[in-house]
Number of protein chains: 2
Amino acid sequence: MQIAHASTESLREWEAQLTAEFQSYKNAGLNLDLTRGKPSGEQLSLSDAINEILAGDLSNETDTDLRNYGGLDGIPECKRLFAPVLGVNQDEVLIGGNSSLTLMYFAVLFALHQGFGELGDSWASEGGPVKFLCPVPGYDRHFSVCEHLGIEMIPVGMDDNGPLMDEVEALLKADASIKGIWCVPRFSNPSGIVYSDEVVTRIAKLGQIAGKNFRVFWDNAYAVHNLDDNAPALACLMTACRAAGTENSVYLFGSTSKITYAGAGVAFAGMSPANLKAFKHHLGMTQIGPDKINQLRHVRLLKDSNGLAAHMRQHANVLKPRFDIVLNSLQENLADTGMMQWTVPQGGYFVSVDTLPGLAKKVVAMAAEAGVKLTPAGATYPYGKDPQDCNIRIAPSVPTLDEIAKAMDVFVCCVKLASVQQKLAA
Amino acid sequence: MQIAHASTESLREWEAQLTAEFQSYKNAGLNLDLTRGKPSGEQLSLSDAINEILAGDLSNETDTDLRNYGGLDGIPECKRLFAPVLGVNQDEVLIGGNSSLTLMYFAVLFALHQGFGELGDSWASEGGPVKFLCPVPGYDRHFSVCEHLGIEMIPVGMDDNGPLMDEVEALLKADASIKGIWCVPRFSNPSGIVYSDEVVTRIAKLGQIAGKNFRVFWDNAYAVHNLDDNAPALACLMTACRAAGTENSVYLFGSTSKITYAGAGVAFAGMSPANLKAFKHHLGMTQIGPDKINQLRHVRLLKDSNGLAAHMRQHANVLKPRFDIVLNSLQENLADTGMMQWTVPQGGYFVSVDTLPGLAKKVVAMAAEAGVKLTPAGATYPYGKDPQDCNIRIAPSVPTLDEIAKAMDVFVCCVKLASVQQKLAA
């Protein structure tokens with residue numbers, strides 16, 4: 001039944017039922033957690049061979065000793081493995097340490113304070129404010145990089161095709177102090193959508209209309225993280241940039257944090273050779289080089305694109321049933337109620353749901369009261385401010401199937417109760 | 001014979017002999033390298049067990065899964081292992097990734113742009129220039145961090161006890177824009193000296209006389225890198241700071257780059273709890289956490305302070321004969337010539353030599369001509385400028401014993417020939 005058409009009498013009846021149900025969850029002393037987009041122990045174990053895979057054999061393709069210093073941009077076999085994940089050439093990729101966030105932080109930092117070598121001076125040298133476009137809902141750690149470095153964030157909306165490109169282009173034309181845009185183009189965090197081909201093409205052309213030294217920060221964190229085999233593909237950004245002559249306007253990122261070990265994987269960045277030259281110069285001031293031994297472990301484990309795809313299918317086997325529980329629960333309990341909208345992701349780590357306006361914080365607080373932890377409402381918006389207070393990110397990867405089912409029962413109850421109470425108070 | 005007392009005739013005779021010798025080296029087509037302070041393959045192999053040490057067993061002291069995200073400051077058993085290396089408490093240490101240079105870069109960056117949390121605002125917020133004292137000769141990568149971040153460097157002299165503290169204190173009293181000093185306190189890079197107890201005590205008191213938010217950057221890179229068992233100890237800086245009430249004025253750093261694998265070790269930082277709180281806040285904007293799996297490998301391999309000491313003795317067994325060749329060659333060939341001064345390090349990776357003023361670049365160029373690569377003259381000074389043009393850093397760890405002997409023959413010949421030619425031209 002649609003909440004909008006419910007009589008006050010029905011609403012009161014619902015409220016009583018739901019309050020009793022909510023109370024029973026509170027009494028149950030639950031302790032469930034749907035907050036973190038991280039792999040489960042079962043997923044991590046898929047890569048445990050990595051811990052002995054180098055035993056007695058460090059053979060590799062370089063003529064240097066991987067145990068020693070050097071090799072700022074990583075080992076060639078690792079570049080060959082991960083360049084296709086980003087869709088760049090092997091001379092356009094750098095393999096780093098265990099954190100793509102660190103590569104992104106450095107990329108923003110260097111652009112802000114140190115500039116682009118032959119390609120241009122730093123954003124700060126222009127003297128004015130520096131601004132980023134932030135498609136919302138988005139990834140909180142992108143936003144905290146901007147906040148930490150004093151970069152002003154401008155939220156822009158998204159639909160099922162990606163960022164609202166009319167809006168993006170209009171903003172860029174109007175304000176040359178906008179220097180960047182954060183994108184999670186495939187299985188976007190948190191909405192799960194995949195940018196359409198048209199959106200990718202228009203993003204590749206932003207470098208033509210933006211101000212000086214604009215960069216797209218393309219965090220392809222879930223590039224190969226399909227939940228099923230027929231998940232939509234993502235068009236290749238660098239190919240579109242080559243067609244548009246804007247290769248220097250994009251930085252691409254990825255990592256194996258959700259492929260091998262979340263805490264001990266390898267990260268990578270893709271850039272035009274000119275960008276890479278400047279980035280490597282600056283990165284070389286911060287380190288001698290990444291852990292090449294761990295890079296070799298990854299090559300031994302995953303081997304090539306086929307090995308990687310097979311490995312990711314094993315992840316999907318673990319993840320898919322968890323997503324199904326969440327999506328089935330939403331469908332069975334909230335479809336046709338008018339209380340909630342959600343996406344049906346075919347990959348990634350999240351289900352993004354929207355409550356009725358003004359209820360996200362309340363639902364998260366109620367769920368916590370009943371022993372179900374959810375990501376704080378607003379976390380998916382710059383400065384933690386969701387103007388509609390409606391978006392909630394559900395991350396079902398870690399709990400067991402039973403725990404997710406129980407947590408969703410609680411969540412559904414909270415959504416319904418909050419919605420009914422709001423309607424009654426209106 | 002002292003060059004100062006040599007007759008023109010003797011000098012001409014020398015020049016002829018040395019020129020012939022130099023020509024014979026050039027004809028020999030040598031290809032030797034004394035440039036890099038890095039471990040040899042033999043040293044790296046001492047740690048090869050690290051590659052299989054976790055096979056089938058990731059047991060550890062935390063209640064979290066080390067394979068997953070989290071743990072920004074490292075695992076407790078690794079803190080227990082390395083806190084004593086820095087001489088700090090376990091709640092004063094953070095274990096990072098594979099690069100102490102990265103920790104140092106971040107420490108300077110955060111101090112410059114983001115500040116110290118409750119302890120104070122950023123250096124940049126004061127509006128004026130930011131300056132560092134740089135005891136010379138020193139480590140070029142410290143200087144490049146300053147240069148990269150736009151920090152002005154002021155060289156200060158050193159003697160066998162460490163930096164010239166009268167000079168350091170006078171500069172700090174006179175100029176509140178001096179915000180830091182770089183120190184390599186044990187087996188200093190490159191001079192090999194160990195700071196005396198008095199110098200350590202005076203450095204601990206700098207926080208009392210320096211301007212606001214001054215920090216000592218104490219890079220104890222060679223803390224346990226003795227060449228023999230009776231090498232001088234270093235007084236504990238943090239203990240001296242506790243006595244002086246200046247715990248917040250120092251950052252300490254170290255790593256296993258020259259203990260296990262140079263490219264795949266772990267780095268650590270020591271700080272007062274107040275400093276650590278602010279540092280961790282900022283570091284958390286750049287990453288989720290370090291590679292904890294590699295930290296566990298290190299604990300398994302080195303175990304405890306005794307295990308670490310035993311491991312370092314094996315390094316010394318490989319390194320000591322190499323240093324002996326260098327030092328014996330200098331002693332046999334250049335003692336009492338007045339052409340060269342040098343230090344006799346009891347640890348670390350370098351022998352620092354001083355030519356007669358104005359000859360370092362020439363000697364390095366001549367050696368290169370004869371197939372012996374040396375660290376570029378001047379590299380041990382801020383901006384690459386050695387005002388006396390006399391310091392050369394010799395790094396004998398990588399070549400074989402025969403190669404070092406041959407390289408030293410060439411080096412000695414170059415020093416003598418350059419000195420004689422200079423004297424003749426005077």
Q) Just checking heavy atoms, which of residues 280-289 of chain A are less than 4.5 Å from chain B? A)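 Result: A:His282, A:Gly284, A:Met285, A:Thr286, A:Gln287, A:Ile288, A:Gly289.
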
Q) Applying a criterion of heavy atom separation less than 4.5 Å, what residues of residues 42-58 of chain A form contacts with chain B? A) A:Leu44, A:Ser45, A:Asp48, A:Asn51, A:Glu52, A:Leu54, A:Ala55, A:Gly56, A:Leu58

With a 4.5 Å cut-off on heavy-atom pairs, point out which of [options] contacts chain B the most.
options                               : result
A:Ser100, A:Gly150, A:Pro39, A:Gly265 : A:Pro39
A:Arg297, A:Met104, A:His148, A:Lys38 : A:His148
A:Asn294, A:Thr260, A:Ile293          : A:Ile293

Interface moiety of [X] toward chain A, non-hydrogen atoms closer than 4.5 Å:
X        : answer
B:His113 : side chain
B:Tyr105 : side chain
B:Leu109 : side chain

Q.
Using only non-hydrogen atoms and a strict under-4.5 angstrom cutoff, which residues of residues 114-126 of chain B touch chain A?
A.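 Interface residues of residues 114-126 of chain B: B:Gln114.
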
Q. Which of residues 62-79 of chain B have a heavy atom under 4.5 Å from any heavy atom of chain A?
A.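 Listed by number, the contacting residues are B:Asp65, B:Arg67, B:Asn68, B:Tyr69.
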
Q: Taking all heavy atoms of A:Pro290 and all of B:Asn98, pick out the closest pair and write down the distance.
A: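 So the minimum-distance heavy-atom pair works out to C-ND2, 3.4 Å.
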
Q: Among the options B:Gly41, B:Ala267, B:Ser40, pick out the one with the most heavy-atom pairs lying under 4.5 Å from chain A.
A: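 Looking at each option in turn, the highest pair count goes to B:Gly41.
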
Q) Between B:Arg36, B:Lys292, B:Glu147, which residue shows the highest count of heavy-atom pairs closer than 4.5 Å to chain A? A) B:Arg36

